Amino acid sequence: MAVKLHITNGDAVVYTWRKGGLIGTQVPWRDVLHDGPVPAGLPLAELSALRAQYLGVHGYGNPIKLAYDFQKRDAALARCTEYDEIDLWFEHDLYDQLQLLQILDYLSSRSLPLGQVQLIQTDDFLSLLAAPELVALQHKRRPVLAETFQGAADVWAAYRAAMPQPLFEIRTGVPPQLRHLPGALERLFEEYPSVQSGLSRTQRQILDAVAQGAHSKEDIFRLAQLREEAAFLGDAAFAKQFEELCDPVAPLLQAIENGYRVTSLGRRVLAGVEDWLSSHTCDRWVGGVHLAGEHVWRWDEGAAAFQAPPR
């Protein structure tokens, strides 16, 4: 019997695999790569340690357990030459596509024979499938092509760059096999602050949800996610974004008796007549780009282009 390694986005899929009797080593990748630093120059082990520390500080879990889980995950990947086949099971959304890039980048450096790494892609969410449906997707796997390995490595390097232009320039040269990646990159660009309001798309959708009458965090999260073409935000990532919008220095949201409301500043920012970053200090990462203080790259949705920070 062939020895297989199966890698997917998170624990929910692994749970369903086990219910369905999928045979082989099963690894959830887990990392929320669209949030926090993903700088260039660090090998996988060092990057994983940095990621575990960041995620632990920002509400994604216990940092010690995160570090242990990432070490265990990375060790399974490092044994890639011991497997007859490596199956990568990933969805269409930004969360999954960034994980897929990271894994393909690592495997591209291991000189594996073509055909050993297989890709299973879906247009929907794997965790919503019943066990028989999920396991049956094995029959749709396709070997990862040499051009896909190289293209994924190039895009991953661009994502880790200190400026967004390399990723923006490479977006049209994505290998055809990674058919969901162009849409995911477009969505990523929208997470940069807007040139008009200083809001990311996620932040704008949260404010819109509250302005339309959602009051509890659960309803706000649900309504904001309904606006996504391919929802990618988890509970912890949403909580982090929500907390920033409640910044006491320049709050766009305010707690009230039955939930939350948009502040007067929030309404002006949402209308695009005031720039939130004129009163709020940005400090966050998008891949290798650190958006901090006045050094903030912005996304111009109308022009579909980046605006550089002032010199």
Side-chain angles (χ1 to χ4, degrees), residues 2 4-20 22-34 73 76-77 80 83-108 110 112-159 167 170-189 225 228-234 287:
K4 281 193 176 186
L5 171 64
H6 301 278
I7 307 177
T8 191
N9 53 19
D11 296 281
V13 178
V14 172
Y15 173 75
T16 310
W17 277 346
R18 290 170 181 167
K19 284 181 65 178
L22 185 70
I23 297 173
T25 301
Q26 301 169 3
V27 174
W29 203 250
R30 293 193 181 105
D31 200 354
V32 189
L33 290 162
H34 57 79
R73 173 200 78 178
L77 189 63
C80 56
Y83 297 97
D84 298 314
E85 185 176 309
I86 301 169
D87 289 352
L88 309 179
W89 304 59
F90 286 94
E91 300 162 1
H92 57 316
D93 59 88
L94 176 60
Y95 175 81
D96 277 50
Q97 291 297 301
L98 292 176
Q99 292 181 352
L100 178 59
L101 286 177
Q102 184 178 27
I103 295 163
L104 288 174
D105 171 70
Y106 178 86
L107 293 175
S108 72
R110 298 301 302 271
L112 301 175
L114 288 177
Q116 183 178 352
V117 183
Q118 301 276 325
L119 181 57
I120 299 166
Q121 300 184 89
T122 66
D123 301 321
D124 208 341
F125 300 105
L126 294 169
S127 60
L128 299 180
L129 298 177
E133 295 176 295
L134 180 61
V135 173
L137 289 176
Q138 288 183 99
H139 302 300
K140 295 187 176 182
R141 68 190 188 278
R142 296 291 182 269
V144 176
L145 305 175
E147 66 175 25
T148 303
F149 278 117
Q150 184 59 58
D154 291 343
V155 177
W156 180 245
Y159 180 60
L167 189 62
I170 206 173
R171 74 195 188 287
T172 56
V174 171
Q177 192 173 24
L178 299 178
R179 65 180 191 273
H180 299 304
L181 186 55
L185 292 180
E186 289 179 17
R187 182 62 187 86
L188 177 73
F189 298 152
Q225 291 303 284
E228 295 286 352
E229 295 81 13
F232 66 93
L233 208 66

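All values derive from a computational prediction rather than experimental measurement.
Closest approach of Q177 and P143 over heavy atoms only: NE2-O, 2.9 Å. The shortest non-hydrogen separation linking A152 to P175 is N-CG, 4.4 Å. Between V27 and R73 the shortest heavy-atom distance is CG1-CG, 3.7 Å. When all heavy atoms of L114 and V144 are compared, the closest pair comes out as CD2-O, 3.9 Å. Taking all atoms of both residues into account, the shortest heavy-atom contact from G24 to H6 is CA-CD2, 4.0 Å. Across all their heavy atoms, A158 and I170 have their closest contact at CB-CG2, 4.2 Å.
The shortest distance between side-chain heavy atoms of I86 and L112 falls below 4.5 Å. Looking only at side-chain heavy atoms (C-beta outward), V13 and L134 come within less than 4.5 Å of each other. Proximity of L104 to L178: side-chain heavy atoms (C-beta onward) are separated by under 4.5 Å at one or more points. Side chains of C80 and L107 form a contact here, defined as non-hydrogen atoms less than 4.5 Å apart. The shortest side-chain heavy-atom distance between L188 and L167 falls under the 4.5 Å cut-off. Residues L129 and T16 form no side-chain contact, since every pair of their non-hydrogen atoms from C-beta on lies 4.5 Å or further apart. No side-chain heavy atom of F125 sits less than 4.5 Å from a side-chain heavy atom of N9. In this structure, the side chains of I103 and V117 stay at 4.5 Å or more apart for every pair of heavy atoms.
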**OP:** Start with the C-alpha distance between L100 and L119, add both sets of side-chain angles, then the distance that settles side-chain contact (heavy atoms from CB on, under 4.5 Å), and finish with yes or no.
**Re:** CA-CA 10 Å; L100 178 59; L119 181 57; 3.9 Å; yes

**OP:** Kindly indicate, with the supporting measurements, whether the criterion side-chain contact (heavy atoms from CB on, under 4.5 Å) is fulfilled by W29 and L88.
**Re:** CA-CA 10 Å; W29 203 250; L88 309 179; over 6 Å; no

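Separating the CG atom in L77 from the CD1 atom in I7 is a distance of 5.0 Å, to the nearest 0.5 Å. Going from atom NZ of K4 over to atom CG of L22 covers 7.5 Å, rounded to the nearest 0.5 Å. Atom CG of L98 and atom CZ of F90 lie 11.0 Å apart (nearest 0.5 Å). With rounding to the nearest 0.5 angstrom, the CG atom of D93 is 9.5 Å from the CD atom of E228.
Put simply, the side chain of D96 gets close to the backbone of E91: a donor and an acceptor are under 3.5 Å apart. In terms of modelled atom types and a separation under 3.5 Å, the side chain of R141 and the main chain of Q138 share a donor-acceptor contact. In this structure, Y159 contributes its side chain and D154 its backbone to no donor-acceptor pair below 3.5 Å.
Pairs passing the side-chain hydrogen bond (donor to acceptor under 3.5 Å, both in side chains) check and including a residue from residues 112-135, sequence neighbours excluded, read D123-H180.
Between W89 and W17, the angle of the ring planes goes over 60°, which puts this pair in the perpendicular group of the 30/60° scheme.
A side-chain contact (heavy atoms from CB on, under 4.5 Å) with L94 is found for exactly one of H34, E186, Q99, namely H34.
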